[in-house]
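All values below come from the heavy atoms of this structure, side chains included, with hydrogens, waters and symmetry mates left out. Note that this is a predicted model, so its numbers are computed, not measured.
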Amino acid sequence: MQEYQAILEEIHASLKRIENTGEIASYIPELATISKEKLGIHLQLITGENYAVGDAAEKFSIQSISKVFSLAMAFQLVGNNLLERVDVEPSGNPFNHLSLLELENGIPRNPLINSGAIVIADILLSNLKNPKEDFLGFVRKLTHDDTITYNQKIAESERITGFNNYAAANLLKAYGNLHNKVEDVLDFYFHQCSIMMDCKQLTNAFFVFANKGKCLKNIQHLNSSQVKRINAIMLTCGFYDEAGEFAFEVGLPGKSGVGGGIVALLPHCFTIATWAPALNQKGNSYLGMQALEQFTTKTKLSIF
C-alpha cells in the first residue's frame, strides 16, 4: 500500500529546498500581491481518502482551470454541437496567441486556449438564463460546496487589463463565431476565471472526471463519452504550449491556471491539485509541475 502522506511530505520538503525561479503573473494586478513561496498539495483517492500538505487549504484564483468547468457545462447543454465552433487540436502556441485564429477562419484550435474558452463562454451565454449565477451553481454542484464564489476584484482587474482577450473576442466576432455582445461574453469569461478555490475543492470538483461523470455523491453530471473527451482534451491541450511536456513528464490529464493552480487526475484512481503561484516561462506553476512529476514518478501511477 502506498504511503501517500509521507510521499506528499517528501515532495513538499524537496521543493522547499530548491531555488524558486518562477514569477508571479503580475500582468493581472490582483494576482501580483501573492507570495511566491506558497506551496500546497492535496490528493483525493476515488475510495474517499484525502491527504494534504503545505498551503493546500488556502484559496486562490483558479483562472484557466475554470475552462474545464465551462467546457463540461457546454457539453451538458449542447453536446457535440459545440465541436462545430471549436476544434480539439493542440495549438502548440501560447494560450493567448491570435495568429492561428486568423489563419483558421475564427475557429479556435481547442476549448482550453483563451479564444476557445471565449467561444465556450458565448455558447453558455446563449443557453443559460442567468449565466454567471448558473455557472457558479454548476461548479458548486460538482463540489457540493456553496462557499465557492467569484472574486469581484480579480474579475475587474482582468477586465481593465484584458486587451488580448478583447482582441480575440473581436476577431471571433468578425468571423461570426461569437453570437452575443463582446462585452457580455468577456464579462462572463473574466468572472469564470476569478473563481476562488483551494486544492481540496479542486480535487472535489475534478472527481467527476476521474469517476465516469459521477461526483463525490455519486450523482451523474456527464456521460462517459463526454468525460473521455474532456480528459483527452486536458491531456493534449491542458497546459498551453507545454502540454506535451506535461504528458511526457507527468502522464496525467489535467489543467493549469496562471493563478498557480494545477489539477490532474488518474481515471478510476485519484484527483490531485497543487498550488504554487510562481509560474515558469510557459505560464504553468514552476513548483506545481515538479510536484506532479515527482508524485507520478514516486507512486508509479499515471495513464501510461
Enquirer: Is there side-chain contact between Ile118 and Pro108, with at least one heavy-atom pair below 4.5 Å?
Expert: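 No - every pair of side-chain heavy atoms lies 4.5 Å or more apart.
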
Enquirer: Does Cys215 reach the side chain of Lys141, with side-chain heavy atoms less than 4.5 Å apart?
Expert: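 Side chain of Cys215 against side chain of Lys141, heavy atoms only: no contact under 4.5 Å found.
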
Enquirer: So with a 6.0 Å cut-off around CD of Gln281, is the heavy-atom count from everything else above 12?
Expert: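 Incorrect, the count does not exceed 12.
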
Enquirer: Between Leu39 and His12, is there a side-chain heavy-atom distance shorter than 4.5 Å?
Expert: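 His12 vs Leu39: side chains touch.
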
Enquirer: Evaluate the criterion side chain to side chain donor-acceptor pair (under 3.5 Å) for residue pair Ser61 and Gln63; output intermediate values, then yes/no.
Expert: CA-CA 6 Å; Ser61 172; Gln63 292 293 312; 2.7 Å; yes

Enquirer: Using 0.5 Å steps for rounding, measure from the CG atom of Leu202 to the CD1 atom of Ile195.
Expert: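 If we round to the nearest 0.5 Å, Leu202:CG and Ile195:CD1 are 10.0 Å apart.
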
Enquirer: Output yes when a side-chain donor or acceptor of Gln290 lies under 3.5 Å from a complementary backbone atom of Tyr286, and no otherwise.
Expert: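 Yes: the side chain of Gln290 pairs with the backbone of Tyr286.
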
Enquirer: Could you go step by step and tell me if Leu222 and Phe209 meet the side-chain contact (heavy atoms from CB on, under 4.5 Å) rule?
Expert: CA-CA 9 Å; Leu222 299 160; Phe209 305 114; 3.7 Å; yes

Enquirer: Has Thr296 got a side-chain atom pairing as donor or acceptor with Val250's backbone, closer than 3.5 angstrom?
Expert: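 Such a contact is found between Thr296 side chain and Val250 backbone.
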
Enquirer: Before you tell me yes or no, could you show the steps for Tyr4 and Phe295 under side-chain contact (heavy atoms from CB on, under 4.5 Å), namely the whole-Å CA-CA distance, both residues' side-chain angles and the distance that decides it to 0.1 Å?
Expert: CA-CA 9 Å; Tyr4 289 114; Phe295 180 78; 4.1 Å; yes

Enquirer: Decide whether Glu19 and Thr21 meet the rule of one side-chain donor and one side-chain acceptor closer than 3.5 Å.
Expert: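 No donor-acceptor contact under 3.5 Å links the two side chains.
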
Enquirer: What distance separates Asn231 CG from Ser224 OG, expressed to the nearest 0.5 Å?
Expert: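 One finds 11.5 Å between CG of Asn231 and OG of Ser224.
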
Enquirer: Tell me whether Asn50 contacts the main-chain N or O of Gly48 through its side chain, where contact means a donor paired with an acceptor under 3.5 Å.
Expert: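 At least one qualifying donor-acceptor pair exists.
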
Enquirer: Rounded to the nearest 0.5 Å, how far apart are NZ of Lys38 and OG of Ser285?
Expert: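 Rounded to the nearest 0.5 Å, the NZ-OG separation comes out at 14.0 Å.
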
Enquirer: Under 3.5 Å, side-chain donor or acceptor atoms of residues 123-132 against the rest of the protein: list the pairs with distances, not counting sequence neighbours.
Expert:
| from | atom 1 | to | atom 2 | distance (Å) |
| --- | --- | --- | --- | --- |
| Ser126 | OG | Asp122 | O | 3.2 |
| Ser126 | OG | Asn180 | ND2 | 3.0 |
| Asn127 | ND2 | Ile123 | O | 2.8 |
| Lys132 | NZ | Asp187 | OD2 | 2.6 |

Enquirer: Got a donor-acceptor contact below 3.5 angstrom from the Arg140 side chain to the Asp146 backbone?
Expert: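 Yes.
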
Enquirer: Would you confirm whether Thr143, through its side chain, and Val139, through its main-chain N or O, come within 3.5 Å as a donor-acceptor pair?
Expert: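 Here the side-chain-to-backbone pair exists.
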
Enquirer: Ignoring hydrogens and geometry, is there a side-chain-to-backbone donor-acceptor pair from Asn177 to Gly106 under 3.5 Å?
Expert: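 Side chain of Asn177 to backbone of Gly106: a pair is present.
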
Enquirer: Could you see if Leu172 belongs to whatever hydrophobic cluster contains Ile107? Use Ile, Leu, Val, Met, Phe, Trp, Tyr and a side-chain cutoff under 4.5 Å.
Expert: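 No, Leu172 does not connect to Ile107 through the hydrophobic network.
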
Enquirer: May I have the step-by-step check of side-chain contact (heavy atoms from CB on, under 4.5 Å) for Glu58 and Asp198, ending in yes or no?
Expert: CA-CA 5 Å; Glu58 189 167 334; Asp198 61 29; 5.9 Å; no

Enquirer: Keeping Ser157 on the side-chain end and Ile154 on the backbone end, is there a donor-acceptor pair under 3.5 Å?
Expert: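 Flag not set: sc Ser157 to bb Ile154 has no pair under 3.5 Å.
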
Enquirer: Do you see a donor-acceptor pair shorter than 3.5 Å between the side chains of His191 and Gln152?
Expert: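 Yes, side-chain donor-acceptor contact under 3.5 Å.
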
Enquirer: Keeping to residues at least two apart or across chains, list the side chain to side chain donor-acceptor pair (under 3.5 Å) pairs with something in residues 204-220.
Expert: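 Sorted pair list: Gln44-Asn204, Lys200-Asn204.
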
Enquirer: Rounded to the nearest 0.5 Å, how far does CD of Glu89 lie from CD1 of Ile233?
Expert: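 So the CD1 of Ile233 and the CD of Glu89 are separated by 10.0 Å.
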
Enquirer: In a check of side-chain contact (heavy atoms from CB on, under 4.5 Å) between Ile41 and each of Leu292, Val53, Asp55, which one passes?
Expert: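 One option only clears the test, and that one is Val53.
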
Enquirer: For Lys67, which of Asn114, Asn110, Ile120, Ile113 qualifies under side-chain contact (heavy atoms from CB on, under 4.5 Å)?
Expert: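 Running side-chain contact (heavy atoms from CB on, under 4.5 Å) over Asn114, Asn110, Ile120, Ile113 with Lys67 returns exactly one hit, Asn114.
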
Enquirer: Kindly assign one of parallel, tilted or perpendicular to the pair Phe246 and Phe239, based on the angle between their ring planes and the thresholds 30° and 60°.
Expert: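 It falls in the parallel class, under 30°.
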
Enquirer: Is Leu83 linked to Met234 within one hydrophobic cluster, defined over Ile, Leu, Val, Met, Phe, Trp and Tyr using a side-chain heavy-atom separation of less than 4.5 Å?
Expert: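 The answer is yes; both residues are in one hydrophobic cluster.
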
Enquirer: Tell me, do Ile34 and Phe60 make a side-chain contact under 4.5 Å, heavy atoms counted?
Expert: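 No, their side chains stay 4.5 Å or more apart.
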
Enquirer: Under a 3.5 Å threshold, yes or no: a donor from one side chain and an acceptor from the other, between Glu10 and Ser14?
Expert: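 No, because no side-chain N or O of Glu10 sits under 3.5 Å from a partner of the opposite role on Ser14.
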
Enquirer: So, do Ile18 and Leu287 sit near enough that their side-chain heavy atoms are less than 4.5 Å apart?
Expert: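 Ile18 vs Leu287: side chains touch.
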
Enquirer: Considering only heavy atoms from C-beta outward, does the side chain of Ile219 approach that of Val208 to under 4.5 Å?
Expert: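 Heavy-atom side-chain distance check fails, nothing below 4.5 Å.
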
Enquirer: Can you give each donor-acceptor pair under 3.5 Å made by side-chain atoms of residues 259-280, sequence neighbours left out, with the distance rounded to 0.1 Å?
Expert:
| from | atom 1 | to | atom 2 | distance (Å) |
| --- | --- | --- | --- | --- |
| Thr271 | OG1 | Thr203 | O | 3.1 |
| Trp275 | NE1 | Gly259 | O | 3.0 |
| Asn280 | OD1 | Lys282 | N | 2.9 |
| Asn280 | OD1 | Gly283 | N | 3.2 |
| Asn280 | OD1 | Asn284 | N | 3.0 |
| Asn280 | ND2 | Glu242 | OE1 | 3.0 |
| Asn280 | ND2 | Glu242 | OE2 | 3.4 |

Enquirer: Assess the pair Phe163 and Tyr166: is the distance between their ring centroids shorter than 6.0 Å?
Expert: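 No, the ring centres sit 6.0 Å or more apart.
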
Enquirer: Run Ile148 and Asp145 through side-chain contact (heavy atoms from CB on, under 4.5 Å) and show every step you take.
Expert: CA-CA 6 Å; Ile148 294 168; Asp145 188 341; 4.0 Å; yes

Enquirer: For the residue pair Gln5 and Glu9, confirm or rule out a side-chain donor-acceptor distance under 3.5 Å.
Expert: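 There is such a pair between these side chains.
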
Enquirer: Can you run down the side chain to side chain donor-acceptor pair (under 3.5 Å) pairs that involve residues 74-83, sequence neighbours left out, and say none if there aren't any?
Expert: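 Only Asn80-Arg229 qualify under side chain to side chain donor-acceptor pair (under 3.5 Å).
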
Enquirer: Side chain to side chain donor-acceptor pair (under 3.5 Å) for Glu37 and Ser35? Distances and angles first, verdict last.
Expert: CA-CA 5 Å; Glu37 301 310 315; Ser35 166; 5.5 Å; no

Enquirer: Atom CD of Gln2 and atom CD of Glu49: how far apart are they, to the nearest 0.5 Å?
Expert: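 Spacing of CD (Gln2) from CD (Glu49) equals 12.5 Å.
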
Enquirer: Output all residues satisfying side-chain hydrogen bond (donor to acceptor under 3.5 Å, both in side chains) with Lys36, sequence neighbours left out; order by chain, then residue number.
Expert: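 Counting only residues at least two positions away or on another chain, Lys36 forms no side-chain hydrogen bond (donor to acceptor under 3.5 Å, both in side chains).
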
Enquirer: Between OG of Ser64 and CG of Leu112, what distance do you get to the nearest 0.5 Å?
Expert: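 One gets 8.5 Å once the value is rounded to the nearest 0.5 Å.
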
Enquirer: Tell me if the aromatic rings of Phe135 and Tyr189 count as close, with their centers under 6.0 Å from one another.
Expert: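 No, the ring centres sit 6.0 Å or more apart.
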
Enquirer: Strictly below 4.0 Å, N to O, side chains only: are Glu156 and Lys153 in salt-bridge contact?
Expert: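 Judged by the 4.0 Å cut-off on N to carboxylate O distance, Glu156 and Lys153 do not form a salt bridge.
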
Enquirer: Does a side-chain heavy-atom distance below 4.5 Å link Tyr27 with Val258?
Expert: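 The answer is yes, as the side chains (C-beta and beyond) meet within the 4.5 Å cut-off.
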
Enquirer: Mind checking whether Glu104 and Arg109 have side chains closer than 4.5 Å, heavy atoms only?
Expert: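 Of all side-chain heavy-atom pairs linking Arg109 with Glu104, at least one is under 4.5 Å.
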
Enquirer: When clusters are formed from ILVMFWY side-chain contacts under 4.5 Å, directly or step by step, what else is grouped with Phe207?
Expert: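 Direct or chained contacts put Phe207 with Ile46, Leu216.
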
Enquirer: Shared ILVMFWY cluster between Ile24 and Ile65, side chains joined below 4.5 angstrom?
Expert: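 No; tracing contacts between hydrophobic side chains, which count when under 4.5 Å, never links both residues.
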
